[in-house]
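Starting from 1, each residue takes its place in the sequence as its number.
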Amino acid sequence: MRVATLTTPDDFDGWRDAARALAGARVPPSEVVWQVGDQPTDLFGDEAVVETPAPFRVPRPFVDLARTVVLHADPERFALLYTLLTRVLAQPKLIDDRADPLVRRLDEMAKAVRRDIHKMRAFVRFREVTDDDGQERYVAWFEPEHHIVRENARFFVNRFTGMRWSILTPELSIHWDGEALTEGPGASKADAPDGDPIEEVWKTYYSSIFNPARLKVGAMLKEMPRKYWKNMPETALVGSLIAGAQAREVAMIEKARTAPGSNIAGAWEALREEAMGCTRCDLYKHATQVVFGEGPVDAKLMFVGEQPGDQEDQAGRPFVGPAGQVFDRAVAQAGIDRAEVYVTNAVKHFKFEQRGPRRIHAKPGTGEIEACRWWIGQERALVKPQVTVALGATAARSLLGRAVTIGRERSKPIPLPDGGEGWITVHPSYLLRLPDKVQAEEEFARFVEDLRMAAARVS
């Protein structure tokens, strides 16, 4: 049994030299024990690695992968990398096979390391202290998941070259005096300062720029897990800001409605303008534009569809495509003037699958519906319709906040929490999909009757 001893947990050079010697001597992975210098010697290891390596070459992607994976906290990382090395020497293209379980596992480990590197760069917060010699220094505390501190040191040197700073972590500490970077032993949270006057200024700034319209709690927690919050001054405000975000917006809109000389149209324009920059879900990355609602802002009747289609996405207006034409025909037969109703969608961006030159409609997911419920809530708070008609299951879920069976809840009034009334019916696109002409005509007539009954509820 061979013992490969590395000097530090992130000793890539030591691993590479030992792995080169072992692989050159054709030592199988099962005959190697990997350990870090400050760990006790393995009881089953009886021979150090002393071979002179035979020359060989490995693909560059393997070297890049190994350099990153060595920083992972998994104690098996050195052995896993050596196992992959022996296989890559026999199958050079194996490194590109992401279906291979070992390659996939190491790739995931590398991704975890890169995420941790990013988190350290994003969430380190320096606090000002005064040294014993009276000089200003900035100290930060951080708890990485992996062995990334040395790897990240050069980033902080380049970014804060003119500062004297220290970053304390449980494993080791790094210090920059403006000229040289040095290392020290690990520290504890108690060794770092609690706060400084600058933090109060930062908290005030953060609170003032907080925009509830762009709030995505799920995405925020994914990118900024709660474990980092205790070291970041602004996160002390996050809980209260989230809790009050929608209430604050609704109160602002209500104040705009009731204030003397209020301009509801102006408030709606401001809301629409804000929605144009919405990034609350990922649909904005592929759609052409936001398709916001349209119609009188004092409309007594509101219609909520599912999402824009291909033509709506290009035109920037709701219900202008094939389903919109069915809707217009049904509204007219129901005795409703479309110019007097407000029409919008539960989801404001077009979700689709690209098939050659065509963009095929894809049903919005629950997360996308929930992300857009904020906008529907603000539209309804401004327009204050007496009756809101949900066209299809997606719109019904957006309106009621729960999954809805159309057949069970169709064609009857549903009280809403804000005092308005909801109605549920099918989406016009459902009528377009019916293959039987007789059935399509029957369902269209029933759809018209649903719209007529909803309109009759408006006083």
Side-chain angles (χ1 to χ4, degrees), residues 287 291-295 299 301-353 355 358-366 368-369 372 376 385 387-400 402-414 421-458:
V291 179
F292 205 64
E294 66 177 22
L301 185 60
M302 175 185 284
F303 290 93
V304 181
E306 181 192 70
Q307 67 162 353
D310 182 70
Q311 293 186 32
E312 287 83 0
D313 176 64
Q314 296 179 47
R317 296 182 57 213
F319 284 92
V320 296
Q325 295 171 21
V326 174
F327 174 72
D328 284 347
R329 185 159 59 93
V331 164
Q333 290 193 24
I336 301 170
D337 184 353
R338 176 165 174 173
E340 295 183 358
V341 301
Y342 188 90
V343 182
T344 188
N345 280 301
V347 175
K348 307 301 186 190
H349 284 108
F350 179 34
K351 182 177 182 179
F352 61 90
E353 295 178 2
R355 296 182 188 171
R358 299 181 62 200
R359 300 190 301 174
I360 307 300
H361 166 277
K363 187 177 179 63
T366 301
E368 291 148 355
I369 297 170
C372 251
I376 291 293
V387 176
T388 303
V389 181
L391 305 172
T394 295
R397 184 181 190 111
S398 174
L399 184 63
L400 303 179
R402 58 179 172 83
V404 172
T405 301
I406 300 296
R408 185 183 305 145
E409 304 196 49
R410 180 178 182 176
S411 309
K412 61 183 180 182
I414 301 173
E421 188 173 278
W423 276 72
I424 296 173
T425 186
V426 297
H427 193 279
S429 61
Y430 162 74
L431 305 175
L432 291 172
R433 295 193 298 269
L434 294 174
D436 183 81
K437 184 177 181 181
V438 174
Q439 183 187 9
E441 291 176 353
E442 291 175 350
E443 286 297 323
F444 178 79
R446 187 181 178 192
F447 179 56
V448 170
E449 184 59 25
D450 282 343
L451 302 190
R452 184 180 291 113
M453 287 192 296
R457 305 288 295 185
V458 174

Query raised in the report: When rounded to the nearest 0.5 angstrom, what is the spacing between CD1 in I376 and OG1 in T344?
Result: 4.5 Å
Give the table of side-chain donor-acceptor pairs shorter than 3.5 Å for residues 320-334, with sequence neighbours excluded, one pair per line with atom names and distance.
unit_1, atom_1, unit_2, atom_2, d
D328, OD1, R338, NH1, 2.5

Query raised in the report: Any idea which heavy atoms bring A395 and A346 closest together, and the distance?
Result: CA-CB, 4.0 Å
Report summary line: By side chain to side chain donor-acceptor pair (under 3.5 Å), E368 pairs with (sequence neighbours left out) K351
Requested in this report: Report the residues that fulfil side chain to side chain donor-acceptor pair (under 3.5 Å) with R446, sequence neighbours left out, ordered by chain and then residue number.
Outcome: none
Query raised in the report: What distance do E306 atom CD and S429 atom OG have between them, rounded to the nearest 0.5 Å?
Result: 6.5 Å
Query raised in the report: Any donor-acceptor pair under 3.5 Å linking the side chain of E312 with the backbone of G309?
Result: yes
Report summary line: Applying side chain to side chain donor-acceptor pair (under 3.5 Å) to R359 and not counting sequence neighbours gives D310, D313
Query raised in the report: Does any pair with a residue in residues 424-438 pass salt bridge (Lys or Arg N to Asp or Glu O under 4.0 Å), and if so which ones, sequence neighbours excluded?
Result: none
Requested in this report: Would you indicate whether the side-chain heavy atoms of Y430 and T425 approach each other to under 4.5 Å?
Outcome: no
Query raised in the report: Residues in side-chain contact (heavy atoms from CB on, under 4.5 Å) with R358, at least two apart?
Result: I360
Report summary line: Residue set satisfying ring-ring contact (aromatic ring centres under 6.0 Å, His included) with F352, at least two apart, ordered chain then number -> F350
Report task. Identify the heavy atoms of M453 and S411 that sit nearest to each other, and give their distance. Result -> CE-CB, 3.8 Å
Query raised in the report: Above 12 or not: heavy atoms from other molecules or residues under 6.0 Å from CZ of R452?
Result: yes
Query raised in the report: Who are the ring-ring contact (aromatic ring centres under 6.0 Å, His included) partners of F292, not counting sequence neighbours?
Result: W268
Query raised in the report: How would you list, by chain and number, every residue that makes a side-chain contact (heavy atoms from CB on, under 4.5 Å) with V291, sequence neighbours excluded?
Result: P308, P318
Kindly list each side-chain donor-acceptor pair under 3.5 angstrom involving residues 402-410, sequence neighbours excluded, with atom names and distances?
unit_1, atom_1, unit_2, atom_2, d
R402, NH1, E409, OE2, 2.9
R402, NH2, E409, OE1, 3.1
R410, NE, D450, OD2, 2.6
R410, NH2, D450, OD2, 3.0

Query raised in the report: If you measure from OG1 on T388 to CG on L301, what distance do you get to the nearest 0.5 Å?
Result: 8.0 Å
**Report entry** For P428 against F447, the heavy-atom pair lying closest together
**Finding:** CG-CZ, 4.0 Å
Query raised in the report: Once you round to the nearest 0.5 Å, how far does CG of L434 lie from CD of E441?
Result: 11.0 Å
Report summary line: Taken in chain and number order and not counting sequence neighbours, the residues that satisfy side chain to side chain donor-acceptor pair (under 3.5 Å) with S398 are none
Report task. With sequence neighbours excluded, tell me which residues meet ring-ring contact (aromatic ring centres under 6.0 Å, His included) with H361. Result -> none
**Report entry** I424 side, atom CD1; I414 side, atom CD1 - distance, nearest 0.5 Å
**Finding:** 3.5 Å
